[in-house]
Amino acid sequence: MLQKTSLKARTGGQVLVDQLLIHGADTAYCVPGESYLEVLDALHDVQDRFTLINARHEAGAANMAETYGKLTGKPGICMVTRGPGACHAAIGVHIAQQDSTPMILLVGQIARDTTDREAFQEVDYRAMFGPIAKWATQIDDPARVPEYMARAFRVATSGRPGPVVISLPEDMLTEVVSVADARPYTATHAGLSPDDLNMLKTEIAQAERPLLLLGGSGWSDESAAAITRFAEANKIPVTTSFRRQDIVNNLSPVYAGDFGTSTAPSLYAHQRDADLLVVIGARLGEMTTKTYTTMQSPNPDTRLVHLYPDADEIGRVYSPDLGVAAAPVSVAAALDGVDLGRADAWGAWCEKLHADYLTDTEAPNGGEWDLDMGVALAQLRDELPDDVVVTLDAGNHTGWAQRFLRFGRPGRIVGSTCGAMGYSVPAAVAASIAEPERLTLSFVGDGGFMMSGNELATAAQYGGRPIVLLFNNGIYGTIRMHQERDHPERISGTTLQNQDFVKMAEGLGAHAERVTKTEDFAAAFTRARESGRPALIELVTDPEQISTRTTISKLRAAAQKKVDADQR
């Protein structure tokens, strides 16, 4: 049924807000600015249908919008003012681009008659965001707002999802026009043809040791369940890309681990042993290939099938034996119920990979460290609800969550794959505001918390109740690890002098406490859950325990061994 159009006279700002509603948007994250006052004013009239959340920093607002896009599959909407506001929000656009997340950033802009005069806060956003967004544009004619917004929603969600940036001149937003609304958008996705499906089945069926690698965005709960059924029925081991462990339940007998920053050495060995790698939805980038070392470029030694929603990504680094432009949902639906008749042949291979995953994620023995988060999280993981949302920052501290927690739908893991510090707290705030009754856990280091921890105040204002697990070891841990590996005992720029995180969090409206011993963590976590407020648990960890797999002393010893070998 065609939508009835309206030719009522409206400002450009009112037309824009009407388009947001038509296209199904219900939430936006912002820091207000005078450059888009007309949009803010128009939103005042639709408060019963639209939620506007004002964050404490534009980077936080952009990260919240990106998180919304990850969790819902709909474009997350962020609104910021010109110049500094847009610059602060750029990190969220970069994350959305590398994570393939649908997002629309609306930027207030200078008036059209002051362009190219270096007016107050003037920036050319087409030039600024062009390299890191799917589409960056400016709307100069309010009569074209419906056209541009419909295209923005389609571009953000079709093919490989990603961010769109739209500049809105302030005088365009105040101009009155009579224009028809657009129809609600529909995303366009590539799918498998019957011939594609037959070739895919043939490739898998003739393999002796097939391995699936799932990742990217666009996986619904239904498609995740469908691909799991296919893998389990055929006993094909499944791996996931960096921070996409929730696609397949980690306790499924087919799950073999993830390729990221906490990958088990045994999984890399299994990847070398596989004679077919089927990649669905994931890019073959630096994380999935261990900095392009696990496969030969451009022609891998292992047979390769790559199914990805954007044809331009297929063959970018590695030439596949079969490459098909197809969205994960269509691939999962096509494979659901397919029996290749090789389950008996692949059973032992699959069982071995899952057993090695379980071994690698067993709880540590404990006792070496006053606070061992491997032990603490292994004790906690069976108590977490199935729908828990875990948000991750950048840094070595996330290795404890990635290695020792279990993931699977309807639970979600939400983290930046581009290594952006300051992401986890805003992400957790957005997730918890959207569903306050759903447990949301934020993993963040002391460095990352100081970049965005102020967004706990946003959670308190809007009723969010995330629990922030703040790993405090007094250093920028990942950089110190690399520093000790390459320049042992030459510490430079990686030490932090931290303040009282508990008092900071309490001042922002959160329940807060400090934990220094493993045995105290569980009770502190229970108190945080029961507080009914945003909560922070400061975890005082030993910097010597630099990651889940090594220590600073071991890094220094390895570095010295290399020096000795070079001198011989």
Is it true that D275 and R303 have a side-chain N and a carboxylate O under 4.0 angstrom from each other?
no
Ignoring hydrogens and angles, tell me if any N or O in the side chain of R243 forms a donor-acceptor pair with the backbone of I413 under 3.5 Å.
no
Residues N396 and G477: closest non-hydrogen pair is ND2-O, 4.0 Å
Any side-chain heavy atom of L213 within less than 4.5 Å of one from L284?
yes
Using only atom types and a distance under 3.5 Å, with no angle test, would you say the side chain of T239 pairs donor to acceptor with the backbone of L212?
yes
Between L304 and Y318, is any pair of side-chain heavy atoms under 4.5 Å apart?
yes
Between atom SG of C350 and atom CG of L211, what is the distance when rounded to the nearest 0.5 Å?
9.5 Å
From the list D246, I280, V248, side-chain contact (heavy atoms from CB on, under 4.5 Å) with W219 holds only for I280
Do the side chains of E351 and K235 get close enough for a salt bridge, i.e. N-O under 4.0 angstrom?
no
Identify the heavy atoms of Y68 and G76 that sit nearest to each other, and give their distance.
CD2-CA, 3.7 Å
Presence of salt bridge, D273 and R209, under 4.0 angstrom:
no
What's the separation between atom CD1 in I546 and atom OG1 in T478, rounded to the nearest 0.5 Å?
7.5 Å
Looking only at heavy atoms, what is the nearest atom pair of I475 and P543, with distance?
CD1-CB, 3.9 Å
Going by distance alone, is a donor N or O of one side chain under 3.5 Å from an acceptor N or O of the other, for Q545 and T551?
no
In this structure, are over 12 heavy atoms from other groups packed under 6.0 Å from M199 atom CE?
yes
Within the 3.5 Å criterion, strictly below it, is a donor on D356 or S266 matched to an acceptor on the partner's side chain?
no
Under a 4.5 Å cut-off applied to non-hydrogen side-chain atoms, are D542 and L371 in contact?
no
Any chance you could lay out the side-chain hydrogen bond (donor to acceptor under 3.5 Å, both in side chains) test for T240 and Q245, step after step, and finish with the verdict?
CA-CA 6 Å; T240 57; Q245 296 102 302; 5.0 Å; no
One thing to verify: whether D312 and R316 come together as a salt bridge, which I'm taking to mean a side-chain N less than 4.0 angstrom from a carboxylate O.
no
Backbone N or O of V338 within a donor-acceptor pair of the N234 side chain at under 3.5 Å?
yes
Taking atom types as modelled and ignoring hydrogens, do the side chains of S442 and S424 form a donor-acceptor contact shorter than 3.5 angstrom?
yes
With a 3.5 Å cut-off and no angle check, do the side chains of S452 and E455 form a donor-acceptor pair?
no
Minimum heavy-atom distance A156-P75, with the two atoms named
CB-CG, 4.1 Å
Can you find a pair of side-chain heavy atoms, one from L197 and one from L335, that are under 4.5 Å apart?
yes
Main-chain N/O of I314 paired to H306 side chain as donor or acceptor, under 3.5 Å:
no
Quick one: do the N498 and N472 side chains pair a donor with an acceptor below 3.5 Å?
yes
Can you tell me how far the OG1 atom of T302 sits from the CG atom of L276, to the nearest 0.5 Å?
8.5 Å
Do F501 and F449 have ring centres separated by under 6.0 Å?
yes
Side-chain donor/acceptor of T526 to backbone N/O of A522, under 3.5 Å
yes
Give a yes-or-no answer on whether the side chains of T417 and Q98 include a donor-acceptor pair shorter than 3.5 Å.
no
Ignoring hydrogens and angles, tell me if any N or O in the side chain of H397 forms a donor-acceptor pair with the backbone of G445 under 3.5 Å.
yes
Report yes if the side chains of L439 and V389 come closer than 4.5 Å at any heavy-atom pair, otherwise no.
no
Compute both the distance and the angle, then confirm whether K290 meets the cation-pi test with Y268: under 6.0 Å from the six-membered ring centre, within 45 degrees of the axis.
yes
Quick one: does S432's side chain have a donor or acceptor within less than 3.5 Å of a partner on A428's backbone?
no
Of V468, T391, L377, L470, the one forming a side-chain contact (heavy atoms from CB on, under 4.5 Å) with F443 is L377
Is the H270 ring parallel, tilted or perpendicular to the W349 ring (thresholds 30°, 60°)?
perpendicular
Taking every heavy atom of A59 against every heavy atom of I91, the minimum-distance pair comes out as CB-CG2, 3.8 Å
Distance check, rounded to the nearest 0.5 Å: E313 atom CD versus Y308 atom OH?
5.0 Å
Salt bridge present between E383 and R529 (N-O < 4.0 angstrom)
no
Main-chain N/O of A207 paired to R342 side chain as donor or acceptor, under 3.5 Å
yes
Can you tell me if T361 and R406 form a side-chain donor-acceptor pair at under 3.5 Å?
yes
If you look at every heavy atom in D446 and G474, which pair is closest and at what distance?
OD2-N, 2.8 Å
Please check this pair: side chain of D393 against backbone of V425, looking for a donor-acceptor N/O pair closer than 3.5 Å.
no
With rounding to the nearest 0.5 angstrom, report the CG to CZ distance, L539 to F525.
11.0 Å
Without hydrogens or angle criteria, can the side chains of S193 and D196 be said to hold a donor-acceptor pair below 3.5 Å?
yes
Decide yes or no on salt bridge (Lys or Arg N to Asp or Glu O under 4.0 Å) for D99 and K70, but give the supporting numbers first.
CA-CA 9 Å; D99 287 33; K70 272 194 174 85; 2.7 Å; yes
If you draw a 6.0 Å radius around CG in D344, do more than 12 non-hydrogen atoms from other residues or ligands fall strictly inside?
no
Any luck finding a side-chain donor-acceptor pair between S547 and T550 under 3.5 Å?
no
Checking the side chain of T541 only, and the main-chain atoms of F471 only, is there a donor and an acceptor separated by less than 3.5 Å?
no
Is E530 salt-bridged to R527, going by a charged N under 4.0 Å from an acidic O?
no
Side-chain donor-acceptor contact under 3.5 Å, S100 with R283:
no
Answer yes or no: does atom CG of D339 have more than 12 heavy-atom neighbours from other residues, nucleotides or ligands under 6.0 Å?
yes
If you define the side chain from C-beta out and look only at heavy atoms, does anything of D301 sit under 4.5 Å from M295?
no
For the atom pair CZ (R244) and OG1 (T288), what is the distance rounded to the nearest 0.5 Å?
11.5 Å
Is it the case that more than 12 heavy atoms not belonging to H482 sit under 6.0 Å from its NE2 atom?
yes
A side-chain contact here means heavy atoms from C-beta on lying under 4.5 Å apart; do V305 and V279 qualify?
no
For a quick check under 3.5 Å, do E66 and Y423 share a side-chain donor-acceptor pair by atom type?
yes
Does the pair R549/D360 count as a salt bridge with the N-to-O cut at 4.0 Å?
yes
